[in-house]
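Below is one structure, written out as structure tokens, with a few remarks after it.
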Amino acid sequence: MRLFLLPISTRRTLLYCQKLQVLPPEKQGWIDKITLRATKLWAGWEQKESGWQKSVVKYGNGALRRIPYEEWGLKSVPTLSARRKQEEILGKEKHHLIFPQSVISVTRAPQILHTLATERKGLHRSRMLWCFVGMPITAPFALVPVIPNLPFFYLVFRAWSHYRALAGGKHLQWLSSNNFFTLWPSEILDSIYPRHLPSSNSPEQESHHSSPESPHQGDNSPVAEERLLLTQDSGRKLARALEVPELEAELERAIWQVENDMRKQTKMSEESSPSSKSEQSKPENK
């Protein structure tokens, strides 16, 4: 499989796993079969012109778009089954870690992968447990006729989503700890990312990747202003250049989330700045 590290901004990186070998239906696990069945059902609802199914899809897609892109990235990594683990130990399954060397240095890439695999472990575990707590509470909604128990199914989906993120992170941590991947700097990615970035070996550049609170930033690292590295147009161009069509939706979601978060942070910093406070404290001229 191919693991992509795609910086969205100077502090945040999208992880995406492209599985090169798809298991035939008879070898798929029950979780994969249920996921495929649910995907087909959702796609069928999207084709509806009206009705409650169409409304569920409309609001459901909005909710799915707000699920953190980090979670989607971890979910793209397959679970570490006993068969896959044995194949990786024997070297039968090859993995490539692909990244833009103009943004991420070769020495930094494995550290970023390890951090992305582990930094959200506690969050996914706690939220999965809360979903399990909420399921019995929402179960009585099944008595409502005609409409399915949407709150219950939403909690089931979120519990499964957190479980898959945990499993994907565990697999990545296994690969990272045993160094079961090949570093693969990509000239294609270098040609798409902005050329005016600092050198990938500079201390400033190496200290900014992943979320704003990420351990990627050292305790003594200078805090520079966060900058967006990809736009929606460059994200689509990147997916086409890599010939990974499914990556376009992942990038679109991640860029949208990072843009919104940066906009909120800018607004909060402006409101909390001394200049804005002094303006608010000035008495009105009578």
Side-chain angles (χ1 to χ4, degrees), residues 1-8 12-25 27-29 31-33 35-36 39 43 64-65 67-81 83-85 87-88 91-104 106 109-110 112-118 120 161 163-176 178-193 209-210 229-230 232 234-258:
M1 61 187 181
R2 299 201 296 174
L3 298 167
F4 293 94
L5 292 179
L6 305 172
I8 305 299
R12 316 186 209 201
T13 298
L14 169 68
L15 166 75
Y16 180 74
C17 174
Q18 181 191 25
K19 296 176 282 290
L20 301 178
Q21 296 180 350
V22 181
L23 292 176
K27 291 186 178 182
Q28 291 180 353
I31 293 180
D32 293 328
K33 291 179 180 179
T35 303
L36 182 60
T39 302
L64 292 176
R65 198 182 190 202
I67 294 176
Y69 68 89
E70 299 96 334
E71 184 175 328
W72 287 103
L74 292 174
K75 284 163 57 177
S76 68
V77 182
T79 56
L80 185 61
S81 63
R83 179 190 59 82
R84 182 174 281 114
K85 188 174 184 179
E87 289 180 353
E88 289 173 353
K92 294 181 179 180
E93 192 170 349
K94 305 296 182 181
H95 308 301
H96 301 296
L97 183 60
I98 304 171
F99 57 95
Q101 192 172 1
S102 60
V103 185
I104 302 174
V106 174
I112 294 176
L113 179 68
H114 180 78
T115 301
L116 293 175
T118 57
R120 294 174 62 87
S161 185
Y163 164 76
R164 283 291 291 109
L166 282 170
K170 182 180 179 181
H171 191 178
L172 286 179
Q173 192 174 1
W174 156 262
L175 294 176
S176 178
N178 293 279
N179 201 26
F180 285 157
F181 56 82
T182 303
L183 296 175
W184 202 281
S186 171
E187 294 182 359
I188 296 177
L189 293 178
D190 287 336
S191 67
I192 294 175
Y193 277 91
H209 274 291
S210 194
L229 300 181
L230 287 178
Q232 295 295 353
S234 60
R236 287 188 287 269
K237 181 181 178 182
L238 188 152
R240 289 194 295 267
L242 292 174
E243 298 181 351
V244 186
E246 59 273 19
L247 187 56
E248 184 173 334
E250 302 295 331
L251 284 167
E252 188 275 333
R253 183 192 301 113
I255 294 169
W256 177 77
Q257 290 182 6
V258 173

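Heads up: numbering here begins at 1 and tracks the sequence.
Between Pro185 and Val106, the closest heavy-atom pair is CG-CG2, 4.2 Å. Minimum interatomic distance between Ile188 and Ala241 (heavy atoms only, all atoms of both residues): CG2-CB, 3.6 Å. When all heavy atoms are compared, the tightest approach of Arg164 to Pro78 is NH2-CA, 4.2 Å. Across every non-hydrogen atom of Ala117 and Leu74, the tightest pair is CA-CD2, 4.3 Å. Across all non-hydrogen atoms, the minimal contact from Pro110 to Phe181 is CB-CZ, 4.1 Å.
A 4.5 Å side-chain heavy-atom check between Glu187 and Pro100 finds every atom pair outside the cut-off. Residues Trp256 and Gln232 are in side-chain contact: their nearest non-hydrogen atoms beyond the backbone lie under 4.5 Å apart. Taking 4.5 Å as the limit, every side-chain heavy atom of Phe99 sits out of range of all side-chain heavy atoms of Ile112. Side-chain contact between Tyr69 and Ile255 is absent, with no heavy atoms from C-beta onward closer than 4.5 Å. Two residues are said to be in side-chain contact when any heavy atoms from C-beta on lie closer than 4.5 Å; Leu238 and Val244 fail this criterion. Annotation: side chain of Ile98 is not in contact with side chain of Leu3 (no heavy-atom distance under 4.5 Å). Side chains of Arg2 and Cys17 form no contact here, defined as non-hydrogen atoms less than 4.5 Å apart. Contact annotation: the side chain of Leu116 never approaches that of Glu70 to less than 4.5 Å [non-hydrogen atoms, C-beta and beyond].
Here the options are Ile8, Val258, Val103, the test is side-chain contact (heavy atoms from CB on, under 4.5 Å), and the partner is Leu229; only Val103 passes.
Considering OG of Ser186 and NE2 of His96, their distance stands at 12.5 Å, rounded to 0.5 Å. Between Met1 atom CE and Gln18 atom CD the span is 11.5 Å, to the nearest 0.5 Å. Expressed to the nearest 0.5 Å, how far CZ of Arg240 lies from CD1 of Ile192 amounts to 9.0 Å. Between the CG atom in Leu175 and the NZ atom in Lys85 there is a gap of 11.0 Å [rounded to 0.5 Å]. Remark: Leu251 CG to Phe4 CZ distance equals 10.0 Å, nearest 0.5 Å.
A donor-acceptor pair under 3.5 Å links the side-chain atoms of Gln257 to the main chain of Ile67, judged by distance alone. Ser176 places no side-chain N or O within donor-acceptor distance of the main-chain N or O of Leu172, the cut-off being under 3.5 Å. Between the side chain of Arg84 and the backbone N or O of Thr79, at least one donor-acceptor pair lies under 3.5 Å. No side-chain donor-acceptor contact under 3.5 Å links Gln173 to the backbone of Gly168.
In summary, Lys94 and Glu88 do not engage in a salt bridge, as defined by a charged side-chain N under 4.0 Å from a carboxylate O. Salt-bridge check for Arg253 with Glu250: passed, with a basic side-chain N closer than 4.0 Å to an acidic carboxylate O.
Remark: Glu243 CD is loosely packed, at most 12 non-hydrogen atoms of other residues, nucleotides or ligands lying under 6.0 Å away.
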Task: side chain to side chain contact (heavy atoms under 4.5 Å, CB included) between Asp190 and Gln101, worked out - done: CA-CA 7 Å; Asp190 287 336; Gln101 192 172 1; 4.1 Å; yes
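No close placement of the Tyr16 and Trp72 rings is indicated, their centers lying 6.0 Å or farther apart.
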